[in-house]
Amino acid sequence: MKKEMQFQTESRQLLDLMINSIYSNKEIFLRELISNASDAIDKYRYLSLTEPEKYPSAEGEIRLNPNKDERYIEIIDNGIGMSLEEMESNLGTIARSGSKEFSEKIKKAKEAKDLSIIGQFGVGFYSAFMVAEKVEVISKPEGGEAHRFYSDGKETFTIEDAEMVQDHGSIVRVYLKKDIDDENYSKYLETYQIENLVKRYSDYVRYPIKMFETRTESDKDDEDKPIDGKTHEVTEDKTLNSMVPLWKKGKDEVKDEDLNAFYKSKFDDYEDPLLSLKLHVDGLVCYDALLFIPSHAPYNLYSESYEQGLALYSKGIFIQHKCKELIPNYLKFTQGLVDSDDFPLNISREILQKSPAMSKIANNVEKKILDKLKSTLKNERETYEKFYKVYGDHLKFGIYTTYGMKKPDLQDLLLFHSLKEDKLVTLAEYVEKMDKKQKDILYASGKSLDEIKLLPQLEKFKRDEIDVLLLDHDIDEFTIMAMNDYDKHLFKNVAAMEKDDLDKEEKDKIDNLTANHKRILDTMKEALNGKVDEVAFSTKLVDSPVCITTKDGLSLNMEKVLDEQPGEHPEGAPKAAKVLEINGDSELFKAIAAVGDNDEEIKKFGTLLYNEALLLEGREVEDKKAFVQALNELMVKAAK
């Protein structure tokens with residue numbers, strides 16, 4: 001049997017990108033192929049424990065075999081192997097999850113110099129074509145037939161029957177390109193170079209990576225002294241990697257650089273993690289874990305294609321690539337693995353996921369991550385603020401999506417900008433600096449810090465030097481509402497109407513203004529029917545003549561956020577109950593009051609004030625033409 005097939009058009013384009021664009025470091029090909037071999041052995045070991053009658057037990061081993069005469073290096077494993085169908089599927093199709101999508105992402109990543117996309121689509125095998133003029137794969141599943149795949153990575157690939165001595169596994173044979181001026185491909189045939197690459201990238205692979213090494217030694221005399229000019233060659237079957245999984249080593253044996261190297265190799269990142277956590281827990285359940293928070297968000301963190309979860313091992317045997325039950329959704333950016341002897345191997349994954357041990361470990365992992373974050377906030381503020389800049393919204397979602405149930409765990413990890421502080425502050429830091437007379441935690445919300453700082457509602461607080469939290473993320477206000485309070489201090493939006501919070505002097509002033517100018521307020525409300533629920537005098541404003549506030553909970557910013565959400569609202573997006581607040585002390589209002597009983601003029605003024613307030617809120621004026629026309633008429637009258 002012999003099949004020759006062509007790569008699909010988009011697959012050829014993708015393969016060209018793989019070879020020429022993705023990996024800037026060609027030597028990474030060996031890591032990728034060793035990683036594939038290790039995964040294949042993991043799968044075989046798992047099956048040998050769960051189905052021993054079908055898959056006889058075998059000690060896993062990866063062997064590297066360089067051949068200088070024929071210019072190839074072999075990567076041999078005794079793992080699960082591939083059937084004919086699996087060979088066609090796994091090697092004949094690139095990025096089956098969507099090669100066109102992947103190709104587009106590669107182009108964008110290349111333009112943005114974003115290397116984080118490497119490894120995301122499981123196409124590491126094709127990295128071999130960076131150094132290879134041809135690649136062969138001979139593979140055989142347990143109890144099946146062997147087949148051979150070969151391709152030059154350009155137009156076609158061929159699959160044919162083959163012979164294989166071992167009972168199961170794969171042989172990947174990489175025929176190296178010829179050396180050119182600036183590329184020395186022959187170095188990958190040197191045993192010392194291969195050993196260095198294994199130590200650098202694959203030292204923690206749990207199976208022995210072996211290679212025959214031949215070295216020259218001096219002959220020795222009867223007194224064990226070297227004899228000048230006489231040598232002999234010695235061949236040694238050498239294990240190149242340490243094999244002991246990093247997570248099984250003692251805490252004192254593992255340095256930060258070891259954790260960083262493991263993370264970058266295991267999770268295909270080009271940067272060190274921002275935070276690392278090595279756990280060994282003995283208790284009701286026992287487990288080891290390595291947990292990492294990447295220094296940058298994975299490129300697809302917010303897409304449907306992102307898989308959350310930690311790698312799961314039992315007794316050192318690989319069980320699952322991404323076990324989502326081990327990590328809560330709001331911490332889904334966490335990478336890592338968990339290995340526990342408390343997971344039985346002879347049950348289905350579905351039962352495993354519902355086991356009490358799984359739940360206990362997941363709860364403990366969550367607690368350990370939060371403890372690490374709290375410790376970092378306390379002792380390494382700069383590092384924590386880097387974390388918060390990238391992942392802070394996830395903590396807020398943790399509170400909001402659990403309807404405040406996670407508030408006790410997460411509230412002290414939140415940071416906000418504020419009106420008075422030139423830095424991020426915690427809620428505890430804000431409360432500590434509150435005036436004794438201040439009961440509530442004050443906040444203002446908007447699309448950006450600059451926009452919020454310009455809100456007229458903040459004028460009184462600036463004048464009185466009262467600090468206000470500035471919420472500039474869409475999720476912020478929803479999180480605050482889910483929390484309701486912090487340390488018994490209620491959260492209060494400065495853009496909300498404040499009738500109940502006025503002292504007697506302020507209340508009397510507002511009551512007098514309202515009584516004296518009730519006709520003006522009622523006339524303006526009539527002009528703005530359907531746009532505002534109320535027109536009233538304000539105690540917030542100092543210089544600005546007008547602002548828009550809300551009542552009954554929903555703020556203008558929340559209204560805007562909800563309105564921008566995808567999907568249809570059967571009865572329309574929820575609307576805030578708006579109040580047009582007027583500065584009764586402003587020269588503009590005094591001029592309006594002088595108009596007297598001319599209701600039509602007052603209505604025009606009311607509409608102009610409403611549109612001015614919208615502009616100050618950073619919102620669009622609904623009828624720009626009418627607004628400009630009314631403004632022009634006003635200027636003409638003023639000029640006369």
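In this text, all values refer to a predicted model and were calculated from it rather than measured experimentally. Hydrogens, waters and symmetry mates play no part in the numbers below; they use all other heavy atoms, side chains included.
Using modelled atom types, one finds no donor on one side chain facing an acceptor on the other under 3.5 Å when comparing Y287 with D282. With hydrogens and angles left out, the side-chain atoms of E32 and S127 include no donor and acceptor closer than 3.5 Å. Side-chain atoms of S418 and D467 include a donor-acceptor pair closer than 3.5 Å. Side-chain polar atoms of H473 and D393 form a donor-acceptor pair below 3.5 angstrom. Remark: the Q335 side chain and the K322 side chain contain an N/O donor-acceptor pair separated by less than 3.5 Å.
To the nearest 0.5 angstrom, I361 atom CD1 is 11.0 Å from L284 atom CG. Of the inter-residue distances, the one linking L331 atom CG with I293 atom CD1 reads 7.5 Å to the nearest 0.5 angstrom.
Here K264 does not pair with E271 in a salt bridge; the nearest charged N to carboxylate O distance is not below 4.0 Å. Between E380 and K386 there is no salt bridge, since no side-chain nitrogen of the basic residue lies less than 4.0 Å from a carboxylate oxygen of the acidic one. Contact check on K423 versus E385 returns no salt bridge, with no Lys/Arg side-chain nitrogen under 4.0 Å from an Asp/Glu carboxylate oxygen. Looking at D237 and R63, a side-chain N of the basic residue comes within less than 4.0 Å of a carboxylate O on the acidic one, giving a salt bridge.
Residues T426 and L377 have side chains in contact (heavy-atom distance under 4.5 Å, counting atoms from C-beta outward).
Using a distance-only test at 3.5 Å, with no hydrogens or angles considered, a donor-acceptor pair links the side chain of Q308 to the main chain of I327. Judged by distance alone, with hydrogens and angles left aside, the side-chain atoms of Y430 form a donor-acceptor pair with the main-chain N or O of L442 at under 3.5 Å.
Each salt bridge (charged side-chain N to carboxylate O under 4.0 Å, His left out) pair with one or both residues in residues 469-479, not counting sequence neighbours, appears once here: K396-D476, K447-D474.
Partner of H394 under the ring-ring contact (aromatic ring centres under 6.0 Å, His included) criterion, out of Y330, F387, Y302: Y302 alone.
In this structure, P56 and S48 approach most closely via the heavy-atom pair O-CB, 4.2 Å.
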Cut-off 3.5 Å, no hydrogens considered: what does the side-chain donor-acceptor table look like for residues 246-254, sequence neighbours left out?
residue, atom, partner, partner atom, Å
W247, NE1, D339, OD2, 3.0
K248, NZ, D288, OD2, 3.4
E253, OE2, G250, N, 2.8

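Ring geometry for F397 against Y400 counts as perpendicular: the plane angle is over 60°, on a 0 to 90° scale with 30° as the lower cut.
For E429, the salt bridge (Lys or Arg N to Asp or Glu O under 4.0 Å) partners at least two apart in sequence or on another chain are R381.
The six-membered or imidazole ring of Y270 lies near that of H296, with a centre-to-centre distance under 6.0 Å. Aromatic rings from Y55 and Y44 are positioned such that their centres are separated by under 6.0 Å.
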- Message: Pair K324, E307 - check salt bridge (Lys or Arg N to Asp or Glu O under 4.0 Å), show working.
- Response: CA-CA 8 Å; K324 65 181 181 180; E307 281 188 274; over 6 Å; no
